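As structure tokens, the structure follows; a few thoughts come after it.
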Number of protein chains: 2
Amino acid sequence: MTNENNHGQGLKSLDTALGVLAIMAAQKGPLSLSEIGRACSMPPSKVHRYLASFVGAGLVKQQGRSGRYDLGPAALQLGLAALARHSFVNAAADGLSDLSGETGMTALLSVWANQGATVVRWERGITPTDMSMGLGTTLPLLNSATGRVFLAWGAPRAVAPVRDAQFEQFARRSGQSVDPDHTSTSIAAIVESIRADGYASVVGRYIPGLVAIAAPVLDWQGEAQAAITLVGIDPPVIAPDSPQVQCLLAYCAEKSVVRASD
Amino acid sequence: MTNENNHGQGLKSLDTALGVLAIMAAQKGPLSLSEIGRACSMPPSKVHRYLASFVGAGLVKQQGRSGRYDLGPAALQLGLAALARHSFVNAAADGLSDLSGETGMTALLSVWANQGATVVRWERGITPTDMSMGLGTTLPLLNSATGRVFLAWGAPRAVAPVRDAQFEQFARRSGQSVDPDHTSTSIAAIVESIRADGYASVVGRYIPGLVAIAAPVLDWQGEAQAAITLVGIDPPVIAPDSPQVQCLLAYCAEKSVVRASD
DNA sequence: TCTAAAATTTCATATTACGCAATTGATTCT
DNA sequence: AGAATCAATTGCGTAATATGAAATTTTAGA
């Protein structure tokens, strides 16, 4: 009872160090030492030593003389190596522009990483949805169609903690506009609904004025290894029998369960 | 005198752990536990604990039931986040297709990471140079034009160890064909020559039948933060006054020293 | 089903990372 | 320009942590 919970059985210092890396990746720009320390609630000396190792490995680079720290070239290399390995990402990305062309909407490919859905690739559609969305953007679990795909089909071990944390936030500021476009406030009900439909939809939630529909690319266990999202400005497309939804579902069905090696 | 050399002052366990990550990134496919242990010369139990942390962070993913380990979604996220941050990568990549179009050659953008030049982006030219080169490919320091750019202009602290190691390999198997296209076998002479020309060229060294010219994108310190490479099949293009070389040098000059924030 | 190899867990011990405090370095204000 | 403030870095004793060898469980092959 001396130890709280050792969920994964990993090295403590490594875990915290990787936490620092994740926090740096989540931020938008370079960070100063004390900023990182504040974000991780760690003493500066600890952060400094971790960063020394990261800099040595090239994962983090210290800017010329601003002293600030940012992700380095090795991080880039790591990501590219991961991209080359995840065959399903390339496979799923293959027809992405076709999908975008057929529906006229902007098509997104995302995978679950850390605490949210990460956009890995996207193709701009005809409809001028001026999203300023870069690759690597993290979409929220509950307030995006993409995130909700992982809420419904994601690996429970990875998604559950985030879901519970978000739910607490909801409960804390309850009484306000909670789930205007769903009759039930229960997350379980939302999940049930999404699973039944086979796709998630959201209207003007993540970005006002935009609608999104998203469906999973499933692996052999029935878990979402990726999500395909279509973003547009036309509310009617979220109907189950709309051509866009049909197109999306057909696409995801084709990409699902490609191989057992993943 | 108990410790050999503590070049960077980092955490020991973190350093070794990141070494494991780097080795995994260098390999082409998924690895088993014992394979990783062999590659890092570590006992399996140690590797296993490291991997547990990596899996927990999502940097490494354990395949369905093959038991093998591979880079995970968090690695992808990290790389994409790094890509979004390195403004010069996007800036340098901007005109890459133009450069390829003007010269007809395949254009590569690379940065230095870990132990070699990592290809970050590339545009295929008109000339059918059927290189099967994926993003994230690591090019050798001495046997590629791209690598030689970093040999000449790269940060000494990062390049020197690799150079020395390679040089030892050369010395070990000396007597064989050493540097057929340079009069001197001295690496210093090669560097001097490249610096004087402003670009590096190689004929059929990395891939037989292909020629490459490469020039640096310099930062405010005069160090190469990236390299631009043109690959083709026409030997004459390596001449200093060839239009391709001029085009490349103009391009790199334009991209160099864009901002002091890097 | 049995055998062999690999993967994972356990445990005592030595090593390592931690926090606190002092030093150095950079920036701002008077 | 000098002084004061804040951030960044380094040193050190201590307590927590990572380590390697061996035991146990799981997987693959015969």
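Only a predicted model underlies this, so the values are computations on that prediction, with no experimental measurement involved. Quick note on labels: first sequence line is chain A, next is B, and so on, each numbered from 1.
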Does NZ or CZ of B:K46 lie under 6.0 Å from the centre of the six-membered ring of B:Y50, at an angle within 45° of the ring axis? no
Check the phosphate of [N] against [X], side-chain N and O only, distance under 4.0 Å to OP1 or OP2. Yes or no?
X     : N     : result
B:S32 : C:dA7 : yes
A:S45 : D:dT9 : no
B:Y50 : C:dT8 : no
B:Y69 : C:dT8 : yes

Whole angstrom value for the distance that separates [atom2] of [N] from [atom1] of [X]:
X     : N      : atom1 : atom2 : answer
A:I36 : D:dA7  : CD1   : C1'   : 13 Å
A:K46 : D:dA16 : NZ    : P     : 13 Å
B:M42 : D:dT19 : CE    : P     : 8 Å
A:K12 : C:dC18 : NZ    : P     : 9 Å
A:R68 : D:dT9  : CZ    : P     : 13 Å
A:Q62 : D:dT9  : CD    : C1'   : 11 Å
A:L11 : D:dA16 : CG    : C1'   : 13 Å
B:L51 : C:dT8  : CG    : C1'   : 12 Å

Measure from the side chain of B:H48, starting at C-beta and using heavy atoms only, and say which of D:dT17, C:dT9, C:dT16 lies closest. C:dT9
Identify which nucleotide among D:dT17, D:dA8, C:dG19 has an atom closest to any side-chain atom of A:L33, counting heavy atoms from C-beta outward. D:dA8
Measuring only between side-chain heavy atoms, which start at C-beta, is A:V111 closer than 4.5 Å to A:V119? no
Residue met sooner reading DNA chain D from 5', once A:S13 and A:S34 are mapped to nucleotides: A:S34
Check: A:Y251 side chain, A:A92 main-chain N or O, donor-acceptor pair, under 3.5 Å: yes
Heavy-atom donor-acceptor pair, A:R68 side chain to A:Q63 backbone, under 3.5 Å: no
Looking only at side-chain N and O atoms, does B:Q225 offer a donor or acceptor that is under 3.5 Å from a partner on B:S256? no
